[in-house]
Amino acid sequence: MLSDKRGLTFSSSLRMLAALVFILLCIKSGHGQTCTEGFAYDRRARQCIDVDECRSLPDACRGDMHCVNRNGGYLCIPSSLYNQPYRPETPVLPEPVYPDPSLGFPDTFAPAVPRSVEPSYPRVRTTAPCILGYILAEDGTCNDIDECETNSHHCNPTQVCINTAGGYTCSCTEGYWLIGGQCQDIDECRYGYCQQLCANVPGSYSCSCNAGFILNPDSRTCQDVDECEDEPCSHGCFNTYGSFMCNCDEGFELASDGTSCIDLDECSFSEFLCQYRCINTPGSFSCICPPGYYVYEDGRSCEDINECDTGNNTCTTAQVCFNFQGGYTCLNPLQCLLPYIEVSDNQCMCSAENPACRDRPFTILYRHMDLSSGRSVPADIFQMQATTRYPGAFYIFQIKSGNEGREFYMRQTSNVSATLVLSRPIKGPKEVVLDLEMVTVNNVINFRGSSIIRLTIFVSEHPF
């Protein structure tokens with residue numbers, strides 16, 4: 001009794017476990033609402049039920065073939081075999097044995113011969129020793145017929161025949177799916193199989209990448225190409241995602257092709273870049289100065305070379321070297337014209353005792369100065385004043401000669417001094433000699449006399 005109860009308990013547990021697995025499978029199928037090929041999901045039953053392909057597919061079997069639905073598929077068999085009427089085999093019954101009445105009737109009777117029951121479904125009957133889908137071999141065994149190899153199947157041209165035991169199945173190759181009994185191409189590009197570019201082809205797809213990327217070994221994803229490794233830029237290269245950028249060194253700019261660099265002409269940017277002249281060089285520029293100047297520390301300005309200090313001049317020992325902007329001149333020794341006599345190395349005097357000096361200036365003082373060409377005006381450039389003062393005297397300052405162009409005028413700043421003013425710009429190179437006169441007037445003693453400063457102005461060629 002104990003062993004029977006344990007067996008019964010174990011059997012019940014197996015049935016409960018099978019029922020639980022079946023419920024889980026039904027719940028999973030109902031939740032995902034997806035079934036394998038040959039089945040369809042029934043919302044009411046909440047399970048996958050077999051699809052009758054013989055009804056749903058037009059011309060499931062062609063020719064003289066009849067469609068027989070199977071669980072998850074169907075078979076095509078010859079109609080001649082399918083339509084044969086049912087002929088049950090009548091077994092040979094033994095002769096009935098009746099009891100001898102003279103011996104009396106036994107208590108038991110012989111069992112009745114069982115009767116054949118005709119099935120409610122069509123049965124395929126054949127006189128062949130092998131069932132449908134098999135062929136008799138020489139050794140008397142039944143071997144499966146490969147309908148796919150013998151080309152005796154009835155699959156559509158778009159389908160692929162798969163041999164099974166006793167039959168075959170029509171399916172689709174990879175990259176196709178069965179729609180309405182026909183294998184149609186799957187457009188894999190709709191499902192984002194490729195990272196960038198996708199081209200659908202019959203039964204498959206092909207991935208490619210945009211410019212600046214290469215296809216990875218997985219044939220789906222793309223990897224950035226470091227174009228800078230091939231040195232496409234003439235100067236500098238900066239790799240970016242899917243592309244690259246070229247940059248140029250200082251003094252160059254990127255050409256229209258985006259890879260080469262062309263020199264910038266800095267001299268064309270401004271005429272004030274250099275004080276004198278700008279010379280463009282590859283990637284830069286340089287400033288030069290005219291003769292008599294050198295380039296200053298800032299690299300742009302021009303500074304005068306003092307040839308008199310450097311000794312780079314041609315003056316003799318008897319001459320005096322006078323430097324001016326951009327050059328120099330050699331001054332000869334002073335020579336006073338009669339009736340003047342030399343009283344110093346730069347002054348001539350005409351004595352009052354000499355009758356020839358009566359209407360002449362008392363002294364002539366020689367002075368020299370330099371002036372930049374085109375100097376802005378007005379500008380005070382020279383001062384003069386009386387060195388000797390007399391009681392009751394006053395002084396008049398004026399330009400006696402050399403101001404034919406009226407570039408100068410005298411402005412008296414006090415009773416004994418005045419300033420020479422440049423009123424118009426002068427373009428050089430030019431040498432201007434002015435006689436600046438100071439007239440002394442004393443009405444008490446009825447005296448009138450004058451002195452001259454002979455000012456030589458060397459106007460430079462350049463405005464610096």
Side-chain angles (χ1 to χ4, degrees), residues 18 21-22 25-26 28-29 32-42 47-87 89 119-188 191 193 200-206 219:
V21 172
F22 177 75
L25 290 176
C26 291
K28 182 177 181 181
S29 301
Q33 299 185 6
T34 58
C35 301
T36 59
E37 186 176 358
F39 294 87
Y41 181 74
D42 190 341
Q47 63 181 357
C48 294
I49 61 175
D50 175 59
V51 175
D52 189 353
E53 292 86 355
C54 297
R55 294 183 178 181
S56 61
L57 297 180
D59 298 332
C61 296
R62 298 183 179 182
D64 191 24
M65 301 296 289
H66 190 82
C67 179
V68 177
N69 185 57
R70 296 178 62 185
N71 190 28
Y74 64 96
L75 287 176
C76 294
I77 63 177
S79 299
S80 60
L81 296 179
Y82 184 83
N83 294 329
Q84 287 182 1
Y86 174 74
R87 295 185 179 88
E89 294 181 358
S120 60
Y121 54 89
R123 294 177 60 184
V124 178
R125 307 293 293 177
T126 178
T127 58
C130 297
I131 63 174
L132 184 65
Y134 291 84
I135 188 171
L136 185 63
E138 294 180 356
D139 57 358
T141 60
C142 293
N143 294 340
D144 175 57
I145 299 175
D146 190 348
E147 294 86 355
C148 300
E149 184 176 355
T150 60
N151 201 22
S152 59
H153 62 86
H154 294 275
C155 297
N156 293 330
T158 60
Q159 296 176 327
V160 176
C161 178
I162 301 176
N163 185 60
T164 61
Y168 62 93
T169 301
C170 298
S171 181
C172 296
T173 59
E174 184 179 1
Y176 293 85
W177 51 17
L178 189 64
I179 300 178
Q182 299 289 328
C183 291
Q184 296 186 11
D185 175 54
I186 300 175
D187 187 1
E188 295 86 354
Y191 303 100
Y193 289 171
N200 186 57
V201 296
S204 184
Y205 64 97
S206 176
S219 299

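Along the sequence shown, residues are numbered consecutively beginning with 1.
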Cys172 vs Cys183, disulfide bond (SG atoms under 2.5 Å apart): CA-CA, chis, key distance, verdict: CA-CA 6 Å; Cys172 296; Cys183 291; 2.0 Å; yes
If you round to the nearest 0.5 Å, how far is [atom2] of [Y] from [atom1] of [X]?
| X | Y | atom1 | atom2 | value |
| --- | --- | --- | --- | --- |
| Cys155 | Ile162 | SG | CD1 | 8.5 Å |
| Thr150 | Asn163 | OG1 | CG | 8.5 Å |
| Ile179 | Asp185 | CD1 | CG | 10.0 Å |

Heavy-atom pair of closest approach, residues Asp144 and Gly166: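 In this case the closest contact between Asp144 and Gly166 is OD1-N, 2.8 Å.
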[Y] side chain reached by [X] side chain, heavy atoms, under 4.5 Å:
| X | Y | value |
| --- | --- | --- |
| Asn156 | Gln182 | yes |
| Leu57 | Tyr74 | yes |
| His154 | Tyr168 | yes |

Aromatic ring pairing Tyr205/Tyr193, orientation class (parallel under 30°, perpendicular over 60°, tilted between):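 Ring orientation, 0 to 90° scale: tilted.
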Verdict with reasoning, Cys61 to Cys67, per disulfide bond (SG atoms under 2.5 Å apart): CA-CA 6 Å; Cys61 296; Cys67 179; 4.3 Å; no
Gln184: partners by side chain to side chain donor-acceptor pair (under 3.5 Å), with sequence neighbours left out: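 Residues passing side chain to side chain donor-acceptor pair (under 3.5 Å) with Gln184: none at all.
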Give the table of side-chain donor-acceptor pairs shorter than 3.5 Å for residues 132-139, with sequence neighbours excluded, one pair per line with atom names and distance.
from, atom 1, to, atom 2, distance (Å)
Asp139, OD1, Thr141, N, 3.1
Asp139, OD1, Thr141, OG1, 2.7
Asp139, OD2, Thr141, OG1, 3.3

Thiol sulfurs of Cys148 and Cys161 closer than 2.5 Å: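 Answer is yes, sulfur atoms closer than 2.5 Å.
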Side chain to side chain contact (heavy atoms under 4.5 Å, CB included) against Asn151, all qualifying residues, sequence neighbours excluded: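 Only His153 meet the side chain to side chain contact (heavy atoms under 4.5 Å, CB included) criterion with Asn151.
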Single hit among Thr169, Val51, Leu178 for side chain to side chain contact (heavy atoms under 4.5 Å, CB included) with Glu37: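 When side chain to side chain contact (heavy atoms under 4.5 Å, CB included) is applied between Glu37 and each of Thr169, Val51, Leu178, only Leu178 qualifies.
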